[in-house]
Amino acid sequence: MLTEPLFSIPASEGRETVTIIFDDQAVTAPAGISVAAALLVAGASDFRTSIVGHEPRAPYCMMGVCFECLVEIDGVPARQSCLVPVKDGMIVRRQQGAVSLPDSEIGDGR
Ligand code: FES
């Protein structure tokens with residue numbers, strides 16, 4: 001759900017924009033900014049839910065340290081949205097709790 005944005009980016013005439021899809025809603029953003037910045041400007045208030053307690057989480061550091069901004073981008077889970085630049089047509093989804101690993105990624109303990 002998108003709400004009233006807490007952030008804004010000054011309008012710049014002639015600046016290229018891209019459109020991404022966030023949980024089935026179109027979000028237009030200036031080219032070159034991060035996915036996290038684009039979603040914050042669009043009013044996204046939660047990007048994922050915590051593994052324990054399923055509490056809503058949102059970006060905190062905006063520089064790749066806290067991992068609070070994890071989302072699924074183009075089908076790839078656990079992407080740090082503050083480090084990924086927006087690209088036109090990108091599909092972004094909130095990440096719900098823990099990511100399941102495919103069986104091939106789970107060792108047998110040896
Ligand atoms: S906001 Fe902290 S890692 Fe992305």
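This is a predicted model, so every value here is computed, not measured. Numbering starts at 1 and runs along the sequence shown. Both counts, for ligands and for their atoms, begin at 1 and track the order of listing.
Looking only at protein heavy atoms, the nearest one to atom 1 (S) of ligand 1 is Met62 N, 3.2 Å. Ranking protein heavy atoms by distance to atom 3 (S) of ligand 1, first place goes to Phe67 N, 3.1 Å.
Of the options Arg94, Arg57, Gln96, Gln95, a side chain to side chain contact (heavy atoms under 4.5 Å, CB included) to Thr49 is made by Gln96 and by none of the others. Partner of Arg93 under the side chain to side chain contact (heavy atoms under 4.5 Å, CB included) criterion, out of Ile73, Ile21, Asp24, Val71: Asp24 alone.
Atoms SG of Cys69 and SG of Cys82, as seen from atom 4 (Fe) of ligand 1, are separated by an angle of 110°, to the nearest 10°.
Residue Ala36 places no heavy atom under 4.0 Å from ligand 1.
The existence of a salt bridge linking Arg48 and Glu68 is confirmed by a sub-4.0 Å separation between a basic side-chain nitrogen and an acidic carboxylate oxygen.
Two residues are said to be in side-chain contact when any heavy atoms from C-beta on lie closer than 4.5 Å; Val92 and Glu72 fail this criterion.
What you find for Met62 and Ala37 is that their closest heavy atoms are CE-N, 3.9 Å.
Residue Cys66: no N/O/S atom is found under 2.8 Å from atom 4 (Fe) of ligand 1.
The backbone of Val65, and not its side chain, has at least one atom closer than 4.0 Å to an atom of ligand 1 (non-hydrogen atoms only; backbone = N, CA, C, O).
The Gln80 neighbourhood of ligand 1 comprises atoms 3 (S), with distances under 4.0 Å to a heavy atom of that residue.
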